[in-house]
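Indexing begins at 1, ligand by ligand and atom by atom, following the structure's order.
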Amino acid sequence: MTGYQEKQGILHVENVPLPKIAQMAGTPCYVYSASSIRSQFSALKAALEKALPENRAPLLCYACKANSNIAILRLLQTLGSGLEIVSEGELFRGLEAGFRGEHIISTSFGKNPQEIQACLEAEILQFNIEAWIELEQVNQFAAMAGKTADVLFRLNPDISGGGHSKISTGRKEHKFGNSEAKIIEMYRRAAGMRHVRPVGISVHIGSQVTTVESFRPAYEALANLVKKLRSEKLPVERLDIGGGFPIAYEKKNALLDLDAFAQWVADIILPLNVDIQLEPGRYLVGNAGILLTETLYVKETDDRKFLVLDAAMNDLIRPALYEANHGIRPVVTHADRPAQKYDVVGPICESGDIFASQREMTEMRKGDLIAIESAGAYGFSMASNYNSRPFPAEVLVDGDHVAVIRKRQSLQDLIRGETIPEWLR
Ligand code: LLP
């Protein structure tokens, strides 16, 4: 994880020791490294720019479902990123963070009327369409607003991708995208509508796509479809080649060779003479974040030792939901302590509230701080208040700068908006 290093036995994020952050913001809290996000963004951008001519430099649209804190969005906006959104809420965040509509694309599944209207109002760059009714509604609301909206159609290439069945999206049995035949039909229909302009197609086969070679056939499927559309004189000027780029959670995870990837884009997409867009989420922020947590105590049973943290599955649900293996490391190294095997758990009343099973680490004691690694993507953004646990704080570090970018929720926050009806008072 770039941005994190041990100095004199203490884990630091950039120039700041993590114990100082725990003191300042309390635990559990999410901590993000700004320079790590910058370096991921520029690595992806540079690899693509090296393989592609200047006039085809792709638009990277950060998939903000990965981490939608407005400070993170602002950071990416200052780097020249565009934004991929899937809801009215994400649109709101993006605009608050300073993104302009022309750099925002909507890829939501099940677009609702209010969201479509808000996107039209913001004059976003495009709608990626999932279904007939979405197309009809965008056309209808655009007509009411006196506008014309650019639309792309999402292809389902029937290619498997994604690090877990719950985050694979590219097979026929998944709800996402449409077949070639259906897209051709929708494209023809759209070409005859007055308030939408069909401009291209998109593909996204899944997230944490560790079988990186799957990107290639997915892009080839796009290229094939472009040829078919063009043979009918249907114009294709833009391709959105999705996200899904993997990061390392465990050492054995296959990583994306950026140059090889950029070369696929140059070989398959560039000859089509289109504008190119990508939607990376996890790749930009995943390894930039940790969940900083404190050891409540160690509980020993006949069978095992449970390392009980003050963070739980409501703060970071990935291990419980996807059997994800996040690195777990002590913040302070104690070379003198023996190694132990722990089941690392949170305080929630479910056996599924487990971060790791039989994980070997140095002996931990009450009060010891722990970093759960690679938690910058789909960490806070998937957090809940389950067990009436307030949302943790979020902290951004940039060199020597430290800022709380989201306050820890208070107990009052937990019941905000709730009322006891009159007849029960
Ligand atoms: N584009 C579309 C249309 C998507 O649905 C997604 C993610 C992305 C881009 C960004 O994918 P990324 O580059 O981050 O892999 N909660 C899961 C991941 C769900 C991803 C949903 N869609 C997890 O924690 O692994």
- Message: When you compare the side chains of Ser384 and Asn314, does any donor N or O come within less than 3.5 Å of an acceptor on the partner?
- Response: no

- Message: Taking a cutoff of less than 4.0 Å between a non-hydrogen atom of the residue and any ligand atom, is Tyr283 in contact with ligand 1?
- Response: no

- Is Tyr378 close to ligand 1, meaning an N/O of one under 3.5 Å from an N/O of the other? yes

- Query: Nearest protein heavy-atom contact for atom 24 (O) of ligand 1: which residue, which atom, what distance?
  - Reply: Arg318 NE, 2.6 Å

- Task: Do me a favour and list the nearest non-hydrogen protein atom to atom 19 (C) of ligand 1 with residue, atom name and distance?
- Result: Ile167 CG2, 3.7 Å

- Give me the ring orientation class for Phe153 and Tyr187: parallel if the planes are under 30° apart, tilted from 30 to 60°, perpendicular past 60°. tilted

- Protein contact of atom 16 (N) of ligand 1 - nearest heavy atom, named by residue and atom, plus distance: Tyr322 OH, 2.8 Å

- atom 15 (O) of ligand 1: the protein heavy-atom neighbour that sits closest, reported with distance to 0.1 Å: Ser207 OG, 2.4 Å

- Message: Do Asp267 and Gln263 pair up side chain to side chain, a donor and an acceptor below 3.5 Å, judged on atom types alone?
- Response: yes

- Sidechain N-carboxylate O distance under 4.0 Å for Arg154, Asp240: no

- Keeping the roles fixed (side chain from Thr295, backbone from Asp368), state whether a donor-acceptor pair exists under 3.5 Å. yes

- Query: Near Gly281, which atoms of ligand 1 are under 4.0 Å from a heavy atom of that residue?
  - Reply: 12 (P), 13 (O), 14 (O)

- Message: List ligand 1 atoms under 4.0 Å from Glu84, heavy atoms only on the residue side.
- Response: 1 (N), 2 (C), 3 (C), 9 (C)

- Task: Look at atom 22 (N) of ligand 1 and say which protein heavy atom is nearest, naming residue and atom and giving the distance to 0.1 Å.
- Result: Lys65 CD, 3.5 Å

- Message: Looking at Asp398 and Arg38, is there a salt bridge between them, counting it only when a charged N and a carboxylate O are closer than 4.0 Å?
- Response: yes

- Compute the shortest N/O to N/O distance between Thr107 and ligand 1 and return yes if it is under 3.5 Å, no if not. no

- Message: Side chains of Gln126 and Asn128: any donor to acceptor distance under 3.5 Å?
- Response: yes

- Task: Give the atoms of ligand 1, by number and element, whose distance to some non-hydrogen atom of Ala63 is under 4.0 Å.
- Result: 8 (C), 9 (C), 10 (C)

- Query: Who's the nearest protein heavy-atom neighbour of atom 1 (N) of ligand 1, and how far?
  - Reply: Glu279 OE1, 2.4 Å

- Query: Under 30°, 30 to 60°, or over 60°: which ring-plane class applies to Trp264 and Phe215, parallel, tilted or perpendicular?
  - Reply: tilted

- Task: Report the member of Glu130, His164, His204 with the shortest heavy-atom distance to atom 4 (C) of ligand 1.
- Result: His204

- Query: Should you measure from each heavy atom of Arg282, which atoms of ligand 1 turn up under 4.0 Å away?
  - Reply: 12 (P), 13 (O), 14 (O), 18 (C), 23 (C), 25 (O)

- Run the numbers for me: atoms of ligand 1, each under 4.0 Å from some heavy atom of Gly244, listed by number. 11 (O), 12 (P), 13 (O), 15 (O)

- Message: Below 30° counts as parallel, above 60° as perpendicular, anything between as tilted: where do the rings of Phe109 and Phe176 land?
- Response: perpendicular

